[in-house]
Structures are given as structure tokens and as C-alpha cells.
Protein chains: 2
Amino acid sequence: MDRFLSNTVSRIDAKGRVSVPAHFRAVVQKRGYSELYALRCLDLPAMDVGGLDLLDRYEQRIAQEDPFLQTADDMSFFCHGDGAFLKLDQDGRITMTDFIREHTGISAEVAFVGRGNFFQIWEPGRLATYGAQARARLLQLRQGTKAHEAKAHEAKAGERSE
Amino acid sequence: MDRFLSNTVSRIDAKGRVSVPAHFRAVVQKRGYSELYALRCLDLPAMDVGGLDLLDRYEQRIAQEDPFLQTADDMSFFCHGDGAFLKLDQDGRITMTDFIREHTGISAEVAFVGRGNFFQIWEPGRLATYGAQARARLLQLRQGTKAHEAKAHEAKAGERSE
DNA sequence: TGGGATATCATGGGGCACTATGGGCGTCAA
DNA sequence: TTGACGCCCATAGTGCCCCATGATATCCCA
């Protein structure tokens, strides 16, 4: 399968390196990504990592903003900002740069989270917090607890009922 | 028959492997699943396990959302981040990874529960508790009203033992 | 109808290959 | 020189392939 799935935590070694999970590396190869790009998530303390198509996704996102406003430019600067190119060494490890650490809060351990077409890098603690929140939101959606919002999503949400 | 039916408990061996019940394996084959997709249930300490169509359904559902809104992100976070592929070894066994154990509480034994188009994996004790509660709810439903809530409470109280 | 032969299953374990992880060393630039 | 970085190797741990065993179930034939 060629999708990034599941999540793992690995330790950063004394030199600041982390092994990218073997399964993820396999996906990278299967998808033919010759290079990995890491971009700062706009609204989360995480990095999005993927191939060149990841850049397209961000450009679409930014294109949603009014080009006459400062916002679009800020967004672009923020997430493209520094060199966000990740190089896999020959043992399949990447180096956790300050660019990554600053944005994610990563220090000793890294959580890799599959997201289908790309994956994310998190500080494990923050990931747990965010994950719990995301689950709570989904549960709410499913149970249609919030009368107003639920209405809007009702038709769609009936999906997962078995 | 090509539905997952009934339930079984099997032991995990010293290497962390469990045999998937032969009957389930037959269904897997009949349905042409080449890989198994496992997903952490949103509100239960269980894993849903099925073919790739299970994942496809989620992805199609996500595609209906605005990809840059939080709902889409939450959904992807759930079905990709909390999902994994299970590999059947050639003896029809799967390995109980920490990924599964953490969510389900599984340690020494696994309960396989048929659910029609997919099946579930539980820690046997928790399954028993949950089953009792489900039966209590059904009973309450059949008896028709909230007038019998007292009864339901009684049932729950008797069977909750965590 | 009973009893053995056969197939299938659950379970255990050996062993190889690969993965994660640590560390040595040279190179290049500040 | 020092520290960041790339390249290389060593080692323990894990996953996965393959085979062996005993228990059950199924079938066939006397």
C-alpha cells in the first residue's frame, strides 16, 4: 500500500538524528519521492512532510487567501520560510533542525503520524493532546450533539453508524 | 458465506502473534482482501478490521469536506493516523503491535468479533463488559420507555467491573 | 456404526534479514 | 580548532519466512 498510515514515536540520538519508520520510507519510495519536503503547519505545532505534491497543496491553501492582503504572503513566508528540505541519510534517518524544533517543540522524541498522502512530525506530548481533541470533535459530530452544527453535517455524518 | 460472524478468543504467543480464526481468514480471502486495514474505534477500546474498502469509504467521505477546514483534518487524522495495515503471515497470524495494545488494552488474549463487513479485535474482558452494556441497552429499548431506567442502571452496575 | 486415514487448524520455535540506534572518522566552513 | 554534517560500521532487537507438533474435525471404508 502506498499511503502513510499509523503513528510511531522514535528517539532522537545524540547527534540530533531520527530514523524515519521503515514503513514510511517504503511509501516514500513507492511514491517515487526523490526528495522530502517539510513544511510548517499553519495552525498546528507540527510539520507536514511529503513529496513535491505537498507544495501544491500548500499553494492551493494560500491561494484561498486574498492576494492583496498581507496574509497570503505571510503564510507563504512562514511555511516555506527556510530551507525545508529533508535529506534522508543512508540509514534512513533525518536530522531535526532548529527550523523543525522551534515550530514543533520537539526535543528528545519525535512522533510520526501518517496522513495518507503525507505524514506529520509532532512532539509526542502535543500530539496526544491534539489527538484527544480531534477525537472529541469527531465524536460530537457523530453523535450530533451540537444541535446547530449537527444539522449542517447530519446527512453526511450518518455514515459511520454500524 | 462471506460475512464475518460470531466470535472467538485466542491466545497470543510468546512472539506476540495471534492466529486469526480460520473462518475469518476464509471470508477475507473470499472477499479478495489482499491487505487488512485496522482502525482504532473512536469511542471503544477496540479495533475495526477490514479490507481496503473500509479505508476507501473514509477517504471518500473526507473528500466531500472542504480540505482546509478542521473537520477534514480531524477525519484524516483519525482514519490515517489511527489506522494501520495488518499483515497476515503465511500461517494466518497477525502481530499484536503496541499500536493495537495501547488502544485496546490487549495483553495475553484477543477476542475476534464478527461484524458483518468487518470484524473487531478486543481485550476479552472489556468485550464482556461492553457486551453486557449493549444487551442492557437493547433490553431497555425493547421494554420501550425511560420508565425502566432503574432496571438498566441496575444491569450496568452489576456488570461494570473495570 | 466404529475406527482409522486425511485434512485443517492453532500453536511453538529456529533462523535470516532488516531495522533502529549508537558511535567513529573525515570533510568543510566558520 | 571546533562544531555541523556526511559517510561508514557495529550491534541488539524485531519482523517475517519456514517448518514441526499436537489437537480437531471430516471423510471413507470395512
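Chain letters run A, B, ... following the sequence lines, proteins first and then strands; every chain starts at 1.
Nucleic acid contact class of A:R11 (heavy atoms, under 4.0 Å, all strands): sugar-phosphate only.
The neighbour count for B:R31 CZ, taken as heavy atoms of other residues, nucleotides or ligands under 6.0 Å away, is above 12. Around atom CD of B:Q29, no more than 12 heavy atoms belonging to other residues, nucleotides or ligands sit under 6.0 Å away. Heavy atoms from other residues, nucleotides or ligands lying under 6.0 Å from CD of B:E35 number more than 12.
Whole-Å rounding puts the A:R101 CZ to D:dA4 P distance at 11 Å. Residue B:F99 contributes atom CZ, which lies 14 Å from atom P of D:dG15 at whole-angstrom precision. Whole-Å rounding puts the B:D98 CG to C:dA20 C1' distance at 15 Å. Rounded to whole angstrom, the span from the CE atom of A:M96 across to the C1' atom of C:dT21 amounts to 15 Å. Put simply, CG on A:L86 is 11 Å from P on D:dG6, counting in whole angstrom units. The CD1 atom of B:I12 sits 15 Å away from the C1' atom of C:dG12 (whole-angstrom rounding).
Position along DNA chain D of the nearest nucleotide to B:D89 versus A:R93 favours A:R93 as the more 5'-ward residue.
Not one side-chain nitrogen or oxygen of B:Q90 sits closer than 4.0 Å to the OP1 or OP2 atom of D:dC16.
Of the candidates D:dC7, C:dG12, C:dT21, D:dC7 carries the atom nearest the A:K15 side chain, counting heavy atoms from C-beta on. Taking the side chain of A:D13 as heavy atoms from C-beta on, and the options C:dC25, C:dG22, D:dC17, the nearest nucleotide is C:dG22.
Looking at B:E102 and B:R40, their side chains come closer than 4.5 Å, going by heavy atoms from C-beta outward. Contact check for B:L88 versus B:R93: no side-chain heavy atoms found under the 4.5 Å cut-off.
Proximity of the aromatic rings of A:W122 and A:Y130 is defined here by a centroid distance below 6.0 angstrom, and this criterion is met.
Counting atom types as modelled, B:D91 pairs a side-chain N or O with a base atom of D:dC19 as donor and acceptor under 3.5 Å. With hydrogens and angles ignored, a donor-acceptor pair closer than 3.5 Å exists between the side chain of B:R17 and the base of C:dG13.
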Protein-nucleic acid N or O pairs under 3.5 Å, nucleotides 5-9 of chain C:
none

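Within residues 110-127 of chain A, no residue has a heavy atom under 4.0 Å from DNA chain D.
Classification of the A:F4-A:F24 ring pair by plane angle, with boundaries at 30° and 60°, yields perpendicular. Classification of the A:H23-B:F85 ring pair by plane angle, with boundaries at 30° and 60°, yields perpendicular.
The shortest non-hydrogen separation linking B:V18 to B:F112 is CG1-CE1, 4.0 Å.
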